[in-house]
There are 2 protein chains.
Amino acid sequence: MPARQSSRKDAIRNREAVLAAAEALFTRRESPEDVTMADVAAAAGVGKGTLFRAFGDRAGLLRALYEARLEPIRQAVETGPAPLGPATSPRDRVPALLDAILCFKLDNRRLALALEEGGSSSPYRAEHYERWHHLLRTVLEQIPGLTNSDFTAHALLAATRADLVEHLAGEERIPREGMRAQLANFVTRALVSGPLQGLTAEE
Amino acid sequence: MPARQSSRKDAIRNREAVLAAAEALFTRRESPEDVTMADVAAAAGVGKGTLFRAFGDRAGLLRALYEARLEPIRQAVETGPAPLGPATSPRDRVPALLDAILCFKLDNRRLALALEEGGSSSPYRAEHYERWHHLLRTVLEQIPGLTNSDFTAHALLAATRADLVEHLAGEERIPREGMRAQLANFVTRALVSGPLQGLTAEE
DNA sequence: CGTTGAAACGGACCCAGGGTCCGTATTCTA
DNA sequence: TAGAATACGGACCCTGGGTCCGTTTCAACG
């Protein structure tokens, strides 16, 4: 996967250097906003031209970093074992997927933040979002009695948005496990299906 | 409410002019990003200096517009009749609140979008968000058997985020009533309380 | 009214940061 | 090792938010 079929080796080397430097900068600096492209170039020991040729624009760089980090999870989801893999029952897989996403964002706060605010064009156009949404939607549809899978998928994903996670972890100081538990709880409730609603269950 | 105790009348007049021009521009133009401060100033027939003196910065202008639009809803929530007002039972009020928020964002798509992406510092620091969150959290706490009110409030509010609403309305072309119904459905499910979970209700 | 100080005006100006350009250096191929 | 192809890099451009300050307008007072 590292090669990226492209003859000249200096190009590949520089690409790696940029990736590494960017990753370091984004995790080190407080806010993604104060990592400029010039910073990245300098940290990688490379000119701005090189950087932009390799990644197109800022969003491209972010995307490259993000996808790289996401790869393992993607694998686990597509071909891995339960509870993430495709063999899992829908009702168990949905919470597992959202938990994985949450953990990912907790582990890559700055990066996810940088990518999601991005600026121009909403996060909903990013293809990695579309992938998650499509998958989640598909799994939700397999749960009998559940309707509005499309919207529900969006709404559940919204609960793991990078800036919310950042806020909960950073400002409200909610610990990792606490957040996971609360998300799991929330997801479970959202998955209640069937005609009954508004019920106040017996204590 | 228009006066804004400030002796000189040209100041007030200009303030109004800017507000009006900005409102027009934001609703007219496709994306909030291509409404520049210079545009607003020009459209209002005013110098940039005036604009910045009156509102501090871009975020200030957005906030002013937003708050003005939000005022009626705020009234309805604080002192109005059911289902938004404080006399409503929690279980009915929560969906009503979220529905109101959704409608507001549908009616002010561009503006809400502009304010929420904003750029620097997450939407979660905005005091209007804090107000909604605090209210919702408080109401949720009054529902017996419900825990994690804080997180739940965040998660429910996340389902009405401006860019999501924009995406659903703009890309997926979901009609207003459809979206309201789906949100209502989602909220209802999230409010299910009590020990039972994972149930597949009888058809 | 006319004066006068305070407050507001407005547009030239500054600056950061994303993105481009092109002359130069490097790499690959034969 | 010559030549073409490709990559390099930093000077440069441009947009857009925000500031500065000389000029104008307001309103309070005589």
Side-chain angles (χ1 to χ4, degrees), chain A residues 2-22 25-26 29-65 110 113-121, chain B residues 2-22 25-26 29-65 110 113-121:
Chain A
R4 174 71 95 168
Q5 200 260 340
S6 146
S7 26
R8 287 180 54 163
K9 69 164 184 284
D10 51 352
I12 328 176
R13 181 173 39 75
N14 280 331
R15 189 187 164 87
E16 304 296 333
V18 167
L19 245 15
L25 282 183
F26 276 111
R29 295 267 229 281
E30 260 310 305
S31 163
E33 319 226 319
D34 44 52
V35 174
T36 74
M37 294 304 267
D39 286 342
V40 175
V46 146
K48 285 179 66 177
T50 301
L51 192 163
F52 279 96
R53 195 167 336 96
F55 297 97
D57 57 8
R58 186 173 226 262
L61 171 59
L62 267 335
R63 237 178 294 130
L65 283 168
R110 308 282 160 64
L113 212 47
L115 192 61
E116 279 187 33
E117 40 191 53
S120 46
S121 85
Chain B
R4 172 72 94 169
Q5 199 262 340
S6 146
S7 28
R8 290 182 52 165
K9 70 164 183 284
D10 52 351
I12 326 176
R13 180 175 39 76
N14 281 330
R15 187 187 167 87
E16 303 297 332
V18 167
L19 246 14
L25 283 183
F26 276 111
R29 294 267 228 283
E30 260 311 304
S31 162
E33 318 227 319
D34 45 51
V35 174
T36 74
M37 294 303 267
D39 286 342
V40 175
V46 146
K48 285 179 66 177
T50 302
L51 193 164
F52 280 95
R53 197 167 334 96
F55 297 95
D57 58 8
R58 186 172 225 263
L61 172 58
L62 267 335
R63 237 178 294 130
L65 283 169
R110 308 283 159 64
L113 212 47
L115 191 62
E116 279 186 33
E117 39 192 50
S120 47
S121 86

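Residue numbering restarts at 1 for every chain, and letters A, B, ... go by the order of the sequence lines.
Rounded to the nearest 0.5 angstrom, K9(A) NZ and N14(A) CG are separated by 11.5 Å. Between the OG1 atom of T36(A) and the NZ atom of K48(A) there is a distance of 7.5 Å, given to the nearest 0.5 Å. Note: R13(A) CZ to R8(A) CZ = 10.0 Å, rounded to the nearest 0.5 Å.
In this model, the phosphate group of dG10(C) is approached by a side-chain N or O of T50(B) to a distance below 4.0 Å at OP1 or OP2. Contact annotation: N14(A) reaches the phosphate of dC8(D) (side-chain N/O to OP1 or OP2, under 4.0 Å).
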Are R110(A) and V35(A) close enough, and set up right, to give a side-chain contact (heavy atoms from CB on, under 4.5 Å), and what steps lead you there?
CA-CA 11 Å; R110(A) 308 282 160 64; V35(A) 174; over 6 Å; no
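Between the CD1 atom of I12(A) and the P atom of dA7(D) there is a distance of 10 Å, given to the nearest Å. If you take CG of L61(B) and C1' of dG18(D), they are 14 Å apart, rounded to a whole angstrom. Atom CG in D34(A) sits roughly 20 Å away from atom P in dC15(C) (whole-Å rounding).
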Go along nucleotides 25-30 of chain D 5' to 3' and tag each nucleotide: B for a protein heavy atom under 4.0 Å from its base, S when only backbone or sugar atoms are that close, - otherwise.
BSS---
Sugar-phosphate means primed atoms, P, OP1 and OP2; the rest is base. With that split, encode nucleotides 18-24 of chain C 5' to 3' as B, S or - using protein heavy atoms under 4.0 Å.
BBBB---
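When all heavy atoms of A114(A) and F26(A) are compared, the pair lying nearest together is CB-CE2, 4.0 Å. Pairing each heavy atom of V40(A) with each of A21(A), the nearest pair is O-CB, 4.2 Å.
The backbone N or O of M37(A) sits nowhere less than 3.5 Å from a side-chain atom of R58(A) that would complete a donor-acceptor pair.
R63(A) is not listed as a side-chain neighbour of F55(A), based on a closest heavy-atom distance of 4.5 Å or more.
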